[in-house]
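In what follows, a structure is listed as structure tokens, so that the remarks can point back to it.
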Amino acid sequence: MGKSSKEPLHNNGPKAGSEEHQRKPTVLWLVLFLVILVAVYLVYNRINDNREDNRSVQTEASGTGQDPDFAEITAKLLNKSQEFKKATPESQVALEKELVDLAMLRRDLMTDALAKHPKSVSRAAIPPGLAKQQPSEISRFIEEQSTVEGVMEVSMTDYDDKDSGKNPLEYTITDSKSKKKYQIHTQETLNKVTTGSKVKVSGVVLDSNIVPLDESSIVVTSQVTTAAATQKKVAVILINFQSDTTTYETQDTARAKMFADPDSVNKFYQESSYGQIELVGHLRQDGDVFGYYTVPYNNDNCDDYQLWSNSAQTIAAADGFNYNNYNTILYLFADRGFCAWSGRATVGGMPGRAWIATDSLNKYVASHEFGHTLGMLHASNLKCTDSAGAVVAISDTCIRNEYGDPLDVMGASLQSHSNNHFKGLLTPYASTNWIPMANVFTVPSGQNGTYTLVPIEQPLTGIQTLRIPKNYSIVSGNAPTPGYYYLEYRQPIGFDTYPNYPGMLNGVFVRLARGFSESDYSNILDATPETPSNFRDGAITPGRTFTDPEAGITITTNSISPAGAVVSITSTPMPCSRRNPSLVTRRWRRLRRASTLKRR
């Protein structure tokens, strides 16, 4: 019988259902998958190469201490944006991820630079008109230039890790309309503002961060004034958590440490202020202590510390607590290793607020944080070197160590008197102008003379603060601005005793600081840089001379006695110089934990 007419004349291929017929589509799909994989790999490497190239710009700049330059990555982003806008809809699908990744990378790099290089961020900002032209796909990653108006908070955080690199001084503003909080990034100390000030800040906004365009971009519209009352109304609130209800104090022991003990925070500030302030309660003259209150939170991190304190205040209302009745409120809670700091406080404020994470109330930490609420920053030191790298008393190149002053409660000491710069602050919000102006003498520029300094521990008649004009800059590259050398003499009186370091009180100490109208860091200098005693023997002892060759100033201690120190000063007006002192900040020392605190 012949072949059916329906059968093909030629049938050399695989039949349907055969193994070879089933394998062919599998091979095609495999080839297609490999093509896609290679394409993704090439795109990824292209993006990754861009990331590495762009990230290296910041890494190299940071390694040299220079401001990172974002010009290259900004140019790449704008070029890629133009390419995206000109592309066909089909091509835009492929370009979108690359464009978004590039915008995100640029934003991340700029965010990383905010803390140490805020000026580089403001310089790299895309002009507002050009920013509005960018595709909607990346608009949320592009910074904007805007003005935020609201209430300022200035705070100091005392981190446990001395090498954290975090700046203890923080400025934030809460927008009066949106209630959004922005962190203000600047290398300058904003010594004209305080907690509670109403301000306008114009600058570059990046997420919840703002970089002022310049010094004139921060305008104070309403300044808060700290009450100068002799009696400071203080409340202590004890807090524990739903995850840890342990109590470490009774109200009586906390009251004794804060108000009543001979070495209490109250007694310390009574002595340091010459009796000009006293810590009392609103409900009880011997001090208001509330709690313990168990707040509805877990103590697994410190990010919620303000929620904790606000919750505790709400509970405390039933016991008569009223936020508006106090000049200062301290919140005490236990730290179980979840908190990166042992203390945090507002600078000034009505009321000033301080958070202490030391289990039981530690008198030194409480004294330090209370000092911040009075308007004081940190008492630092300056370690200076000459052009050959040798350590010297003063030069154009100095490193500022955050807590480096061994004689000050706001520095590396325990409960020791604040220095004479802090004791003379006359700002609207700092209530520490304890040394009368009659006891302050400023040496006129170019004038020589011999002066007698009396100790700062007691209210005496005579010079307790001797100042010599000295321009300087803390920020490298910034023009020097007016400041002073502050000369100070101490004796072992009251809280100012140093049994382990008797040499600390055998001469005249010298510091650099701003005027009394500016709340800023004080910076002690080492008049004996050849010794390794870490500023504890840094006084100008009798017969020694401190010399600032750049400013033409010499300071010689002629003699000392319990009654006073006699110093001679020569001051030669120097010709104008273009050189800028380079004082580099380093976070040098942390507040010690309660378990490791020892009396010096």
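- A heavy-atom distance below 4.5 Å is found between the side chains of Leu505 and Leu407.
- The shortest distance between side-chain heavy atoms of Ser120 and Asp69 does not fall below 4.5 Å.
- For the pair Arg490 and Pro455, the minimum side-chain heavy-atom distance is 4.5 Å or more.
- Between His421 and Tyr486, the ring planes lie perpendicular to each other; the angle is over 60°, past the 30° to 60° tilted range.
- Using a cutoff of 4.0 Å between basic side-chain nitrogens and carboxylate oxygens, Lys470 and Asp548 are scored as salt-bridged.
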**Report entry** Working for salt bridge (Lys or Arg N to Asp or Glu O under 4.0 Å), residues Glu488 and Arg511
**Finding:** CA-CA 8 Å; Glu488 173 189 277; Arg511 293 176 179 84; 3.0 Å; yes
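- Atom CG of residue Asn523 and atom CG of residue Leu382 lie 4.0 Å apart, to the nearest 0.5 angstrom.
- Between Tyr485 and Phe546, a ring centre-to-centre spacing shorter than 6.0 Å is recorded.
- If you check the side chains of Thr570 and Thr554, you find a donor sitting under 3.5 Å from an acceptor.
- For Lys267 and Asp261, the salt-bridge test fails: no basic side-chain N is under 4.0 Å from an acidic carboxylate O.
- Note that Arg467 lies in the cation-pi zone of Phe516, set by a 6.0 Å cut-off to the ring centre and a 45° limit from the axis.
- Counting only residues at least two apart or on different chains, the ring-ring contact (aromatic ring centres under 6.0 Å, His included) pairs with a member in residues 371-393 are His368-His372, His368-His378, His372-His378, His378-Tyr403.
- Asn419 has its side chain out of reach of Lys423: every pair of non-hydrogen atoms, C-beta onward, lies at least 4.5 Å apart.
- The distance from atom CZ of Phe422 to atom CD1 of Ile435, rounded to the nearest 0.5 Å, is 12.5 Å.
- Using a 3.5 Å distance cut-off with no hydrogens or angles, the side chains of Ser202 and Ser217 do not pair a donor with an acceptor.
- In this model, no donor atom of one side chain and acceptor atom of the other lie less than 3.5 Å apart for Ser155 and Thr346.
- Taking the ring centre of Tyr521 as origin, the terminal cationic atom of Arg514 falls outside the region bounded by 6.0 Å and 45° from the ring axis.
- Checked by atom type, the side-chain pair Thr172/Gln183 shows no donor-acceptor distance below 3.5 Å.
- Side-chain contact between Asn401 and Ser380 is absent, with no heavy-atom pair separated by less than 4.5 Å.
- Between His417 and Asp408 the shortest side-chain heavy-atom distance does not fall below 4.5 Å.
- Note that OG1 of Thr545 and CD1 of Ile553 are 13.5 Å apart. Values are rounded to the nearest 0.5 Å.
- Using a 4.0 Å cut-off between a side-chain N of Lys or Arg and a carboxylate O of Asp or Glu, Glu530 and Arg544 qualify as a salt bridge.
- In this model, a donor atom of one side chain and an acceptor atom of the other lie less than 3.5 Å apart for Asp537 and Thr531.
- Taken from CD1 in Ile569 to CD in Gln447, the straight-line distance is 9.5 Å, to the nearest 0.5 Å.
- Under 4.0 Å is where a charged nitrogen must lie from a carboxylate oxygen, and between Lys257 and Asp263 no such pair does.
- Inter-residue side-chain proximity for Ser272 and Phe495 is flagged as unmet; no heavy-atom pair is nearer than 4.5 Å.
- Side-chain atoms of Ile555 and Leu487, non-hydrogen and from C-beta on, do get closer than 4.5 Å to each other.
- A ring-ring contact (aromatic ring centres under 6.0 Å, His included) with Phe370 is found for one member of Tyr269, Phe268, Phe259 and no other, namely Tyr269.
- A salt bridge does not link Arg344 to Glu369: none of the charged nitrogens lies less than 4.0 Å from a carboxylate oxygen.
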